Visitor: 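If you scroll down you'll find the structure; I have some questions about it.
Labels below follow one simple rule: chain letters A, B, ... track the order of the sequence lines, proteins then strands, and each chain is numbered from 1. Everything numeric in this text was worked out from a predicted model, so none of it was measured.
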Number of protein chains: 2
Amino acid sequence: MGENLPGDAVENGKKSPRTPKHWELKERLAELLRVVSPGGSLPGERALASEFGVSRTTVRKALAELTAEGRLTRVHGSGTFAGEGKLTQRLQLSSYTEDMRSHGRRPTSSLLDARIGAADPELAALLGIRSGDDVLRLRRLRRADGEPMAIETSRLPLARFPGLDRYVGDGSLYGVLYQHYGVELGHAEETIETALATPAEAALLGNEAGALMLLLSRHSFDTEGRPVEWVRSVYRGDRYKFVATLVSPRPSEQSRRA
Amino acid sequence: MGENLPGDAVENGKKSPRTPKHWELKERLAELLRVVSPGGSLPGERALASEFGVSRTTVRKALAELTAEGRLTRVHGSGTFAGEGKLTQRLQLSSYTEDMRSHGRRPTSSLLDARIGAADPELAALLGIRSGDDVLRLRRLRRADGEPMAIETSRLPLARFPGLDRYVGDGSLYGVLYQHYGVELGHAEETIETALATPAEAALLGNEAGALMLLLSRHSFDTEGRPVEWVRSVYRGDRYKFVATLVSPRPSEQSRRA
DNA sequence: GGACTTGAGTGGTTTAGACCATTGCGATTA
DNA sequence: TAATCGCAATGGTCTAAACCACTCAAGTCC
């Protein structure tokens, strides 16, 4: 991970951009990191500062970037350690549970809360209901091997699934939808973007506020094209990687442009 | 964008986590930002610092996060401005060019360099060649309406496409592959993860080093399943959002778990 | 008019130092 | 033995201050 476009540094003909110290330090630390096995510890911030002859602030800036990239783990009061690498999540309508299992991890999921509220106009449009109609909001914490990985917030139209709030638990939502309402999922549209962790998310995920996250929204429809749920999931950016397998569109399209 | 899990702040029963100042400031600035039209300017860092009674460092930390989220644009020597929102890229084998056009943007693409080198074992495996075989590396800068958006680095096996280096230019690579070699793309596997900008990338994208990026790798195969190219693209995280439309797997799978 | 210089204002980097919060362990105590 | 306390080390936050690099417009010069 982290290909560095070797060779051609940066051809900005005129002024040398004067590489910041914290970047140079980051590279030296990355080098150091290559000989530390995952989980191994690094010297403290103060030690690094005097070791490299820079201020602690500069050290922290370098460490912060490495942490954001998932190459470091920092534990308050304990130390700084080499990172573990990323999990991947296949980008398709498969479930979190299936995915984790196929990676040999033990997935668990706990329901944080389930509450009923009124849909605002935007949400109503997404769920195909009227503004003000009841919506069930579910928040789940997803874990892999006991470690918090993602927070998932689903919203479903209660009118279509009366009593749904009584059926949901830590188990499978899609299972409940199928067994009690006969609903099967058809297609979905997902978007993926970057985000930073809010303090609440950070607290649940064992993260720091402001950490790099992947924000995934999913708009799911049943096999008849009716909207079923709208989900926003926040994954730890230092832990996750999404995978999609794609098939080609009509070949005629391809040859035109790229 | 930015749903804040309202209500339940953080139920950590014991100690109040003592919200950092820079976070509180961030929220106040976000509030301020709601009444500033996109492109509008904010007060300078020093002004904000004295305005809110904090140090400039703290202001900068808050501004840095808002910038990473794409809600702010900062211009060295000029000022801090309200952000513009994100573009989206459809997650399928469609081309960058098509995508931008469908969003009403004018896409351009320029070839930064094309060079031939030897494949390392990992790359050789990806491209289905022997370690040490010649590989053509192309680097492109993608723009939308003239603004740098992404850097794309493709690698193709030269043995399969002899003379390819003489055909490529600012135009369509896939077009060249089709016209000169009769190659059409079949499926591809993509991964998406977060990354931070290297100084070189930042310089090309008009970004700052360490900015939030989306790193997309694509491994493409032709219609007969032979590997065609391996691409790593770095998109500006404050500008991009990826979109995927998904179809359901076998319905029987769904009902089991979620 | 056009090109150049200058300087004020902006964000970017770095420092040194202070203090806080958490952790983990060894010493102490019940 | 088991629980508790205290302390040292670690990372986290914040400050005040200095200097750098870039931008832009006003002023100057040709």
Visitor: Nearest whole angstrom, please: distance from the P of D/dA9 to the CG of A/L48.
Guide: 16 Å

Visitor: Report, one line per pair, each donor and acceptor closer than 3.5 Å where one atom sits in a side chain of residues 38-47 of chain A; sequence neighbours left out.
Guide:
{"from": "A/E45", "atom 1": "OE1", "to": "A/R56", "atom 2": "NE", "distance (Å)": "2.8"}
{"from": "A/E45", "atom 1": "OE1", "to": "A/R56", "atom 2": "NH2", "distance (Å)": "3.0"}
{"from": "A/E45", "atom 1": "OE1", "to": "A/R60", "atom 2": "NH1", "distance (Å)": "3.4"}
{"from": "A/E45", "atom 1": "OE2", "to": "A/R60", "atom 2": "NH1", "distance (Å)": "2.7"}
{"from": "A/E45", "atom 1": "OE2", "to": "A/R74", "atom 2": "NH2", "distance (Å)": "2.2"}

Visitor: Give the rounded distance in Å between these two atoms: CD of A/E45 and P of C/dC20.
Guide: 18 Å

Visitor: Closest-nucleotide mapping onto DNA chain D: is B/T58 or A/V75 further toward the 5' terminus? I mean the 5' end.
Guide: A/V75

Visitor: Does B/K61 make a side-chain N or O approach to OP1 or OP2 of D/dT13 shorter than 4.0 Å?
Guide: yes

Visitor: If you assign A/T57 and B/G44 each to the DNA chain C nucleotide with the nearest heavy atom, which residue ends up on the more 5' nucleotide?
Guide: B/G44

Visitor: Taking atom types as they are modelled, would you say the side chain of B/R46 forms a donor-acceptor pair with the base of C/dG11 within the 3.5 Å cutoff?
Guide: yes

Visitor: Return whichever of B/G79 or A/V59 has its heavy-atom-nearest nucleotide of DNA chain C closer to the 5' end.
Guide: B/G79

Visitor: Hey, does B/S78 reach any base, or is it just sugar-phosphate, or nothing, if we go heavy atoms under 4.0 Å?
Guide: sugar-phosphate

Visitor: Provide, to the nearest angstrom, the distance between the CD atom belonging to A/E51 and the P atom belonging to D/dT10.
Guide: 14 Å

Visitor: I'd like to know if B/R28 and B/E51 make a salt bridge, using a cut-off of under 4.0 Å between side-chain N and carboxylate O.
Guide: no

Visitor: Which whole-number value in Å describes the distance from A/K21 NZ to C/dT14 P?
Guide: 7 Å

Visitor: If every non-hydrogen atom of B/P148 is compared with every non-hydrogen atom of B/L205, which pair is closest and at what distance?
Guide: CB-CA, 3.8 Å

Visitor: What is the distance, to the nearest angstrom, from the CZ atom on B/R60 to the P atom on C/dG12?
Guide: 5 Å

Visitor: What is the separation between atom CZ on B/R56 and atom P on C/dG12, rounded to the nearest whole Å?
Guide: 8 Å

Visitor: Tell me whether the ring of B/H76 lies stacked over the C/dG12 base, given a 5.5 Å limit on centroids and a 30° limit on the plane angle.
Guide: no

Visitor: Tell me if the aromatic rings of A/F242 and B/F242 count as close, with their centers under 6.0 Å from one another.
Guide: no

Visitor: Which nucleotide wins on minimum distance to the side chain of A/V54, given the candidates D/dA16, C/dT15, D/dC14?
Guide: C/dT15

Visitor: A/L63 has an atom CG; how far is it from atom P of D/dG12, in whole Å?
Guide: 9 Å

Visitor: Please tell me if A/T80 has a side-chain N or O lying less than 4.0 Å from either OP1 or OP2 of D/dT10.
Guide: no

Visitor: Which residues pass the side-chain hydrogen bond (donor to acceptor under 3.5 Å, both in side chains) test with B/S55, not counting sequence neighbours?
Guide: B/T58

Visitor: To the nearest Å, give me how far apart CD (A/E24) and C1' (C/dT13) are.
Guide: 14 Å

